[in-house]
Amino acid sequence: MKKQMLNFFLILLTVVVVAFSIWGPEALSGYKDKGVLNRIQTKEEEAEGAGYRYRLSSNEKLYILSRCLNNQVIPESEQSALTRETDEEYQELTGTYAFVVNHKGPSGQEITDEEIYATANEEIRTLKELGILPETIKEVQSSSYEAVLYSAIDVPEPRNNVSVWKVSLSGSVQNSNKKNRLIDVYIDADDGKIYEFYARTELKWEEINPDEMIAKWSSYMGLGNPEEYETDNPLLETTPYYKKYVFAGTGDERTIVTIGFYEGINELFLKISK
């Protein structure tokens with residue numbers, strides 16, 4: 001009797017297994033389809049164009065920006081104010097490096113038009129605390145400054161590019177009192193760090209310690225230690241009051257950073273060049 005029961009259960013189990021192998025996959029597929037069909041499925045994906053820029057090091061970004069700024073013809077000091085103008089027309093990219101207005105505006109990861117002045121003032125306060133900018137320098141306001149977003153592009157390798165905001169004293173107040181004001185400042189559109197600045201100050205060149213200033217700025221920017229740049233060319237600057245430093249760029253290239261001072265108008269500047 002027990003043997004007959006055992007045989008019965010074995011035959012029944014065999015029938016169930018065979019039936020499930022035939023009917024089971026189709027049933028499971030139908031059940032899965034019910035969970036998918038007629039339902040909206042959402043999936044987060046990287047927006048088109050996001051990530052188009054490679055992650056560049058601080059030295060690489062500095063180098064690319066320096067080359068691009070060297071290729072523009074916009075004078076940077078108020079000494080050339082009568083000839084200063086910003087080209088608002090997007091030019092076809094030519095040459096090796098280009099510095100062009102970003103007409104598309106900030107991407108989702110960049111500092112926006114609404115944020116740029118608050119970011120600039122936050123970084124200005126940081127530079128004051130570090131002793132890079134004098135404490136007397138005033139903060140920037142949207143009512144008296146203009147902000148334009150630029151792209152500094154390595155044309156042969158456009159994925160290598162740096163977005164920067166240029167914040168400049170507005171033309172409507174160019175003839176007003178510029179004492180203790182920033183004239184121009186270049187700000188990284190990603191992290192807000194200040195690359196360049198031109199500032200009217202009450203200081204004299206004798207009161208400025210460029211070695212100490214460049215060391216603090218280098219640490220602030222996340223760059224390596226600079227080396228002094230020696231040159232016998234007296235035509236490199238339009239002022240005798242300056243000191244130049246060299247930072248590593250990309251590969252064997254380098255970036256020169258200058259700290260200088262225009263006497264008479266008392267304009268302190270930190271600028272980058274190739």
Side-chain angles (χ1 to χ4, degrees), residues 48-77 80 83-107 109-111 147-168 184-198 214 217-218 221-233 235-238 242 244-260 269-274:
E48 183 179 356
Y52 71 99
R53 281 184 289 149
Y54 280 8
R55 179 69 65 179
L56 300 171
S57 70
S58 297
N59 288 76
E60 289 172 332
K61 292 170 73 174
L62 186 71
Y63 176 74
I64 291 172
L65 180 59
S66 72
R67 294 299 303 267
C68 292
L69 289 177
N70 272 326
N71 287 349
Q72 68 171 343
V73 293
I74 304 173
E76 294 304 327
S77 169
S80 304
T83 60
R84 175 190 287 173
E85 59 182 18
T86 301
D87 183 6
E88 296 292 343
E89 296 296 323
Y90 188 90
Q91 302 292 329
E92 181 179 357
L93 300 185
T94 59
T96 305
Y97 292 92
F99 190 68
V100 294
V101 176
N102 185 338
H103 291 286
K104 294 182 179 180
S107 67
Q109 299 177 345
E110 294 171 339
I111 298 168
V148 180
L149 182 63
Y150 287 88
S151 292
I153 305 171
D154 178 353
V155 177
E157 294 288 343
R159 60 192 178 186
N160 297 333
N161 63 87
V162 183
S163 291
V164 294
W165 282 98
K166 181 181 180 183
V167 180
S168 305
D184 283 318
V185 59
Y186 286 86
I187 301 172
D188 191 294
D190 291 323
D191 59 22
K193 294 297 180 65
I194 292 178
Y195 287 106
E196 278 197 9
F197 64 79
Y198 292 78
I214 198 67
W217 180 80
S218 174
M221 293 296 299
L223 303 168
N225 294 327
E227 297 181 2
E228 291 189 21
Y229 178 70
E230 302 280 343
T231 177
D232 296 327
N233 185 354
L235 302 178
L236 285 179
E237 299 293 336
T238 57
Y242 68 89
K244 293 182 177 290
Y245 303 87
V246 177
F247 288 88
T250 58
D252 296 331
E253 301 292 346
R254 62 186 183 177
T255 305
I256 298 173
V257 176
T258 305
I259 293 177
F269 64 85
L270 186 153
K271 69 176 183 177
I272 60 178
S273 59
K274 66 180 181 180

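Every value quoted in this text rests on a predicted model; they were computed, and no experiment measured them.
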Please determine whether the number of non-hydrogen atoms from other residues, nucleotides or ligands lying under 6.0 Å from atom CD of E227 exceeds 12. no
Got a second to check how far I64's CD1 is from S151's OG, nearest 0.5 Å? 12.0 Å
Nearest-0.5 Å distance that lies between atom CD in E196 and atom CD1 in I272: 5.0 Å
Of all residues at least two apart in sequence or in a different chain, which pass the side chain to side chain donor-acceptor pair (under 3.5 Å) check with K244? E237, T258
From Y63 atom OH to N160 atom CG, the distance as rounded to the nearest 0.5 Å: 11.5 Å
Determine the minimum heavy-atom distance between W165 and A189, stating which atoms define it. CD1-CB, 3.8 Å
Can any side-chain N or O of N102 pair as donor or acceptor with the backbone N or O of L149 at less than 3.5 Å? no
Inter-residue atom distance F197.CZ - K271.NZ, 0.5 Å rounding: 13.0 Å
Should we say atom CG of N225 is surrounded by more than 12 heavy atoms from elsewhere, each under 6.0 Å from it? no
Please round to the nearest 0.5 Å and tell me the distance separating atom CG of N71 and atom CD1 of I153. 12.0 Å
Aromatic rings F269 and Y198: how do their planes relate, parallel, tilted or perpendicular, breaks at 30° and 60°? parallel
Expected output: side-chain S218 to main-chain G224 donor-acceptor under 3.5 Å: yes
So if I apply the side chain to side chain contact (heavy atoms under 4.5 Å, CB included) rule between T255 and each of L223, L65, V246, L62, which one comes out positive? L62
Mind checking what makes side chain to side chain donor-acceptor pair (under 3.5 Å) contact with D188, not counting sequence neighbours? K61, Y195
Between M221 and S58, the two heavy atoms sitting closest are O-OG, 3.2 Å
To the closest 0.5 Å, what do you measure between OH (Y97) and CD (E157)? 10.0 Å
Parallel, tilted or perpendicular: which one describes the rings of W217 and F247, with boundaries at 30° and 60°? perpendicular
Does some side-chain heavy atom of I256 sit less than 4.5 Å from a side-chain heavy atom of S66? no
Tested for side chain to side chain contact (heavy atoms under 4.5 Å, CB included) against L270, the lone hit among I259, V185, I194 is I259
